[in-house]
Each structure stands twice: as C-alpha cells, then as structure tokens.
Amino acid sequence: LFAHFGGVMVGCATFAQYIASFTLVTLPRATGYGLGQSLTVAGLVQLPGAIALTVAVAATTRASGRHSPSSMLRLSAAILVAGFGLMIVRHASVFDVAVAVTVVSVGLGIGHCAGPIMILRHVVIAQTAAVNAVNALARLAPTVLPAPTVTTVTATGPTLVAGVVR
C-alpha cells in the first residue's frame with residue numbers, strides 16, 4: 001500500500017511540475033510572475049531535469065542494495081518538497097526554473113524507482129506482475145486524469161491576462 005501511495009505522490013508531482021514550469025516560463029511578463037518565453041524554451045527547461053531523472057534512477061537502483069525502498073521513497077518526497085519549495089521561492093529567470101525542475105526530477109527519478117523495488121521485496125514472485133501493474137497505474141492516473149480537465153479549461157477560449165489575450 002505504501003508503494004502505491006508513493007506512486008500516486010510521484011504521479012501528482014510529475015503533473016504539477018509540468019504545469020508549474022510550463023506556466024511560469026510561458027506566461028507573459030506583464031502578469032508579474034511569468035517569464036514570457038516560448039513553448040520551445042519551456043520544453044528546453046525540461047532537458048536538464050530529464051538527464052537528472054535518468055541519473056537518479058540509475059543511482060537509486062544501485063543504492064537499493066544498501067538502503068530500504070521505504071527510505072528511498074521518503075528521500076524522494078523530501079527532494080520533491082525541496083524542489084517545489086525552490087520553484088516557489090526562486091522563479092525570476094529561466095535558469096531558476098530549470099534548476100527547480102532538475103531538483104524535482106531527481107525526486108521523481110528516485111520515487112519512480114523506489115516503488116517497484118519495494119514491491120519486488122515484499123510481494124511473492126507469482127504476484128509481482130499484477131502488483132507492479134497496479135503501481136504503474138497509481139503513478140499514471142494522477143498525470144492522465146487531470147489532463148482532460150486542463151484541456152477543457154484551456155480550450156474554452158482566449159483569456160485576458162494582464163491586458164494580454166492568451
């Protein structure tokens with residue numbers, strides 16, 4: 001159950017990171033907190049995070065022999081809180097957002113890896129496939145379920161933000 005809760009946490013954090021970083025980077029400067037950049041720049045902000053996530057997964061896999069999966073899941077949560085806290089405090093430049101995205105991505109990498117390791121250690125071999133599938137759904141649902149809502153809200157028409165039609 002802890003692994004599935006961790007999976008939901010990782011899924012929610014993934015969705016929140018994409019929404020927060022893309023929004024901060026692409027909103028007009030006139031809003032007072034947007035950076036006024038293109039979607040291309042917002043996508044490039046994700047690149048260091050993707051590299052950090054890959055490294056974090058590899059490091060977590062190696063560390064799984066020395067540390068328990070539950071401690072790695074707690075570490076993941078702490079890093080996610082630190083990354084989102086950093087994004088709240090420092091978001092005045094694209095570099096600031098990219099650093100926060102990278103920190104969050106490290107937490108996501110650890111979390112994505114810790115859940116399945118926890119399952120493999122605590123479930124009989126005959127049930128690992130089914131339980132891992134449930135865990136994958138637990139990680140996926142928070143990113144998939146809000147997508148239609150966000151799409152519906154953004155597709156309802158242009159919005160006036162600080163005098164700029166978006």
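We number each residue from 1, following the sequence as shown.
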| request: Applying side-chain hydrogen bond (donor to acceptor under 3.5 Å, both in side chains), run through Ser105 and Gln17 and close with a yes or a no. | output: CA-CA 9 Å; Ser105 295; Gln17 187 274 124; 4.7 Å; no
| query | Is the shortest heavy-atom distance from the side chain of Ser68 to the side chain of Met72 under 4.5 Å? | reply | no
| Looking only at heavy atoms, which two atoms of Ala100 and Leu86 are closest? And how far apart? | CA-CD2, 4.0 Å
| field | Val103 vs Phe84, side chain to side chain contact (heavy atoms under 4.5 Å, CB included): CA-CA, chis, key distance, verdict | value | CA-CA 8 Å; Val103 173; Phe84 282 114; over 6 Å; no
| query | Are side-chain N/O atoms of Thr26 and Gln37 paired as donor and acceptor at under 3.5 Å? | reply | no
| To the nearest 0.5 Å, what is the distance between CG (Leu53) and CD (Gln46)? | 11.0 Å
| message | Please tell me whether Leu80 and Val57 are part of a single hydrophobic cluster in this structure, the criterion being side-chain heavy atoms less than 4.5 Å apart. | response | yes
| query | Please walk me through it: do Leu35 and Leu27 pass side chain to side chain contact (heavy atoms under 4.5 Å, CB included)? | reply | CA-CA 6 Å; Leu35 300 175; Leu27 276 178; over 6 Å; no
| message | Grouping I, L, V, M, F, W and Y whenever their side-chain heavy atoms are under 4.5 Å apart, do Phe95 and Val89 come out in a common cluster? | response | no
| request: Check Val101 against Ser21 and note the closest heavy-atom contact, atom names and distance. | output: CG2-CB, 3.6 Å
| said: Please give me the minimum heavy-atom distance between Thr102 and Ala52, naming the atom from each residue. | reply: CG2-CB, 3.6 Å
| remark: Residues Val45 and Val25: closest non-hydrogen pair is CG2-CG2, 4.1 Å
| query | Between Val97 and Arg90, is any pair of side-chain heavy atoms under 4.5 Å apart? | reply | no
| task | Identify the heavy atoms of Tyr33 and Leu24 that sit nearest to each other, and give their distance. | result | O-CD2, 3.7 Å
| Is Thr60 reaching over with its side chain to a backbone N or O of Ala56, donor-acceptor style, under 3.5 angstrom? | yes
| task | Classify the side-chain pair Thr61/Ser64 by whether it contains a donor and acceptor separated by less than 3.5 Å. | result | no
| Are the side chain of His91 and the backbone of Met87 linked by a donor-acceptor contact shorter than 3.5 Å? | yes
| Contact summary for Gly107 and Ser76, nearest pair of heavy atoms | O-OG, 2.6 Å
